[in-house]
Amino acid sequence: RRTARRGGGAIGALASEEPRVILFSPRGRRLDQDLVADLAREPRLLLVAGRYEGVDERFAALTEAEEVSVGDYVLSGGEIPAMVVVDAVARLIPGAVGDSESVVDESFVTGLLEHAHYTRPPVFRGREVPPVLLSGNHEAVRQFRREQSVELTRSRRPDLFRAFAGERDAARKSNPDTKEKPS
């Protein structure tokens, strides 16, 4: 699909690869974290943002454009979906986010929604930060956050929870000797 071609201009210019062409369309694969991670590994992307009714079908065929949808709703054009992709992909480029570990334990990466976050002060309008988060016990904090992620996903996104629970059950069945850490 993508072929090397000679760059224009300077003698000895490096050959470059054709970009992966992404066309925003309701007919496309729904954008998810797996696709974002795949796009982040690409050396070049070309995002095509059609307006109103989209782009000429011949363009999509000639460029072998991959159709991508950002959700089941109608927008006036592909500019906002393009911004969504740029932002989601940029976060995965090494050095774009200060702490590279912070993009590993986020919603949709682990299969669960991310736990709630708290800042200072420890009491705000009568609402306290859960005491375990102030305890200094890193294992207890990790366990609390994991439990919160499971419960938030179960209550707010049952579709994600069913997928997460199914993957967990499949892993247990494939290796029954593995002792699972409590969630």
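- R162 meets the salt bridge (charged side-chain N to carboxylate O under 4.0 Å, His left out) test with no other residue; sequence neighbours excluded.
- Of all non-hydrogen atoms in G111 and T153, the two that sit nearest each other are O-CG2, 4.4 Å.
- The pair R20-E66 meets the salt-bridge criterion, with a side-chain N (NZ, NE, NH1 or NH2) lying under 4.0 Å from an Asp/Glu carboxylate O.
- A search for ring pair (Phe, Tyr, Trp, His ring centres under 6.0 Å) contacts involving H138 returns nothing, not counting sequence neighbours.
- Among residues two or more places apart in sequence or in another chain, the side chain to side chain contact (heavy atoms under 4.5 Å, CB included) test is passed with R125 by none.
- The shortest side-chain heavy-atom distance between V150 and H115 does not fall under the 4.5 Å cut-off.
- Contacts of Q33 classified as side-chain hydrogen bond (donor to acceptor under 3.5 Å, both in side chains), with partners at least two apart in sequence or in another chain: none.
- Remark: D87 engages no residue in a salt bridge (charged side-chain N to carboxylate O under 4.0 Å, His left out) (not counting sequence neighbours).
- With sequence neighbours left out, the side-chain hydrogen bond (donor to acceptor under 3.5 Å, both in side chains) criterion links N137 to no other residue.
- The side chain to side chain donor-acceptor pair (under 3.5 Å) analysis of residues 68-78, with sequence neighbours excluded, yields the pairs R30-D72.
- By the salt bridge (charged side-chain N to carboxylate O under 4.0 Å, His left out) test, E167 is found to be paired with no residue, residues two or more places apart in sequence or in another chain being considered.
- In this structure, the side chains of E17 and P43 come closer than 4.5 Å at one or more pairs of heavy atoms.
- Within the 4.5 Å cutoff, side-chain heavy atoms of L134 are placed close to those of P122.
- Residues passing the side chain to side chain contact (heavy atoms under 4.5 Å, CB included) test with Y118, sequence neighbours excluded: A116, V129, P130, L133.
- The shortest distance between side-chain heavy atoms of R157 and F108 falls below 4.5 Å.
- Side-chain contact annotation: E147 with Q143, donor-acceptor N/O pair under 3.5 Å present.
- In this structure, V48 and F59 have side chains that are in contact, with non-hydrogen atoms separated by less than 4.5 Å.
- Taking the side chain to side chain contact (heavy atoms under 4.5 Å, CB included) definition, one finds that A88 meets it with V36, sequence neighbours left out.
- Listed by chain and residue number, E57, E67 satisfy the salt bridge (charged side-chain N to carboxylate O under 4.0 Å, His left out) test with R27 (two or more places apart in sequence, or in another chain).
- Between V55 and G50 the shortest heavy-atom distance is CG1-CA, 3.8 Å.
- Salt bridge annotation for E18-R44: absent, with no cationic side-chain nitrogen under 4.0 angstrom from a carboxylate oxygen.
- Shortest non-hydrogen contact noted between G78 and A49 is C-CB, 3.3 Å.
- Here R58 pairs with D56 under the side chain to side chain contact (heavy atoms under 4.5 Å, CB included) rule; sequence neighbours left out.
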I'd like to know whether L35 forms a side-chain contact (heavy atoms from CB on, under 4.5 Å) with V68, so could you lay out the CA-CA distance, the side-chain angles of the two residues, the decisive distance to 0.1 Å, and finally the verdict. CA-CA 9 Å; L35 179 53; V68 172; 3.9 Å; yes

